[in-house]
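One-based numbering along the sequence shown.
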Amino acid sequence: MRIARFSIDGNVAFGAVEGEGPDGLVLDIIKGIPYAEFELSGTKVPLSKVRLLPPVLPNKVVAIGRNYAEHAAELGNEVPDVPVAFFKPTTSVIGSGDAIEYPSFSHELHHEAELAVVIGRMCREVPRERVKDVIFGYTCANDVTARDAQKREKQWARAKGFDTSCPLGPWVETDLDPGDLTIQATVNGEQRQLGRTSEMIRSIEDLVVHITEAMTLLPGDVILTGTPAGVGPLHVGDEVAVTIEGIGTLTNKVIKRG
């Protein structure tokens, strides 16, 4: 099931996405919240009549760096012995169709297409065999990075945590095997990144176990699983799209901040 979060007439709701094709999609509004048992209301609105919002409002986004060997190599980095984890704040999260604001402190903005894992229940110290039980679903993500700031600052908080640096969407797919999916990024229609989730150095199970050894994850929290090779520059006016097989396409334009 595809679960979207949207606004219409000033109201925010969740809905199940039904239909196919850009003109045939409708939202069946959900009674309640999707992390618990819910019912479909039967009230349907065309997707074209609503504004898609970020599919979740995470308490935290835990991102993993250098989880594809070719991406680590293209930036001159070794594959780390343990997963490299960092946070992106909630203020970095935007939805499909929202604008990425080019930060004033950077002159080298990069796209990073990623599979995002959405957590469905509060969990800590999750054993490997229970990882699937705590996952709500999957969505597309773009770990937008101020690469020059990342290079000159030891911590990545500004480089990867600035406002609008975490596009998520367009919705969450709850029925998906994430083990071997095509993931790609295009800029102005030109393909930049193309990889498969099977190329991840550490699996989703590995990442959930590793992260929950240290912290409690809450419903709606997001894990970014790393990016394949092909990251590259974004400029004001560019349109960047992240497409993941079985999920859909997350699209954002880059604008000048302010």
Side-chain angles (χ1 to χ4, degrees), residues 1-3 33-38 54-73 77-90 92-93 112-143 156 160 166 168-169 171-184 193 195-229 242-248 250:
M1 180 178 289
R2 294 170 291 180
I3 304 294
I33 59 173
Y35 308 119
E37 291 186 11
F38 63 85
V56 291
L57 282 179
N59 175 271
K60 54 188 169 291
V61 177
V62 187
I64 302 297
R66 303 172 188 168
N67 199 29
Y68 288 76
E70 290 186 5
H71 169 61
N77 297 311
E78 299 291 333
V79 174
D81 294 333
V82 295
V84 175
F86 57 93
F87 292 110
K88 293 175 82 79
T90 57
S92 70
V93 174
E112 295 192 5
E114 309 207 7
L115 175 70
V117 180
V118 180
I119 299 300
R121 62 178 65 180
M122 186 170 69
C123 57
R124 186 179 68 170
E125 297 184 347
V126 180
R128 181 174 299 275
E129 63 273 14
R130 295 293 305 277
V131 166
K132 290 183 179 179
D133 297 338
V134 306
I135 293 175
F136 175 63
Y138 304 89
T139 193
C140 306
N142 192 346
D143 176 21
W156 297 354
K160 287 178 170 285
C166 189
L168 298 174
W171 42 64
V172 177
E173 174 57 68
T174 63
D175 185 16
L176 186 71
D177 181 350
D180 187 28
L181 303 174
T182 301
I183 176 171
Q184 65 175 322
Q193 292 181 267
R196 303 195 68 84
T197 56
S198 55
E199 298 168 353
M200 286 193 289
I201 297 166
R202 294 174 178 88
S203 68
I204 290 170
E205 288 81 8
D206 293 335
L207 300 180
V208 172
V209 169
H210 180 75
I211 291 166
T212 62
E213 285 176 341
M215 69 191 72
T216 300
L217 295 177
L218 303 175
D221 280 352
V222 170
I223 298 172
L224 304 189
T225 58
T227 193
V242 175
T243 301
I244 300 179
E245 179 183 359
I247 300 175
L250 164 70

Grab the two heavy atoms, one from [X] and one from [Y], that are nearest each other, plus how far apart they are.
X	Y	answer
Phe38	Ile33	CB-O, 3.9 Å
Leu115	Tyr138	CD1-CB, 3.9 Å
Ala113	Val242	CB-CG1, 3.7 Å
Asp206	Arg202	OD2-CA, 3.6 Å
Val56	Gly220	CG2-O, 3.7 Å
Gly195	Pro228	CA-CB, 4.2 Å

Rounded at 0.5 Å granularity, tell me how far [atom1] in [X] sits from [atom2] in [Y].
X	Y	atom1	atom2	answer
Thr182	Ile247	OG1	CD1	11.5 Å
Leu250	Glu114	CG	CD	11.5 Å
Ile244	Glu173	CD1	CD	11.5 Å
Thr197	Leu181	OG1	CG	4.0 Å
Ile183	Ser198	CD1	OG	11.0 Å
Lys132	Asp177	NZ	CG	6.5 Å

Count the heavy atoms belonging to other residues, nucleotides or ligands that lie under 6.0 Å from CE of Met215, then report whether that count exceeds 12.
yes

Tell me whether the count of non-hydrogen atoms from other residues, nucleotides or ligands lying under 6.0 Å of CD in Glu37 goes above 12.
no

When you measure from the side chain of [X] to the backbone N and O of [Y], does any donor-acceptor pair fall under 3.5 Å?
X	Y	value
Glu70	Ala229	no
Thr243	Gln184	no
Asp221	Ile119	no

For Thr139, side-chain hydrogen bond (donor to acceptor under 3.5 Å, both in side chains) partners two or more places apart:
none

Please name all residues satisfying side-chain hydrogen bond (donor to acceptor under 3.5 Å, both in side chains) with Arg121, sequence neighbours left out, ordered by chain then number.
none

Is any side-chain heavy atom of [X] less than 4.5 Å from a side-chain heavy atom of [Y]?
X	Y	result
Pro34	Phe136	yes
Asp180	Glu245	no
Pro55	Arg2	no
Tyr68	Ile201	no
Ile223	Leu217	yes

Sequence neighbours left out, cut at 3.5 Å: what donor-acceptor pairs do the side chains of residues 81-90 make with other protein atoms?
| residue | atom | partner | partner atom | Å |
| --- | --- | --- | --- | --- |
| Lys88 | NZ | Asp143 | OD1 | 2.6 |
| Lys88 | NZ | Lys160 | O | 2.4 |
| Lys88 | NZ | Ser165 | O | 3.1 |
| Lys88 | NZ | Ser165 | OG | 3.4 |

Before giving the answer on side-chain hydrogen bond (donor to acceptor under 3.5 Å, both in side chains), spell out for Arg124 and Thr212 the whole-Å C-alpha distance, their side-chain angles and the decisive distance to 0.1 Å.
CA-CA 5 Å; Arg124 186 179 68 170; Thr212 62; over 6 Å; no

Go through the steps to decide whether Val222 and Val93 satisfy the test side-chain contact (heavy atoms from CB on, under 4.5 Å), and finish with yes or no.
CA-CA 11 Å; Val222 170; Val93 174; over 6 Å; no

Start with the C-alpha gap between Leu218 and Lys60, add the side-chain angles, then the distance that decides, and say whether side-chain contact (heavy atoms from CB on, under 4.5 Å) holds.
CA-CA 8 Å; Leu218 303 175; Lys60 54 188 169 291; 4.3 Å; yes

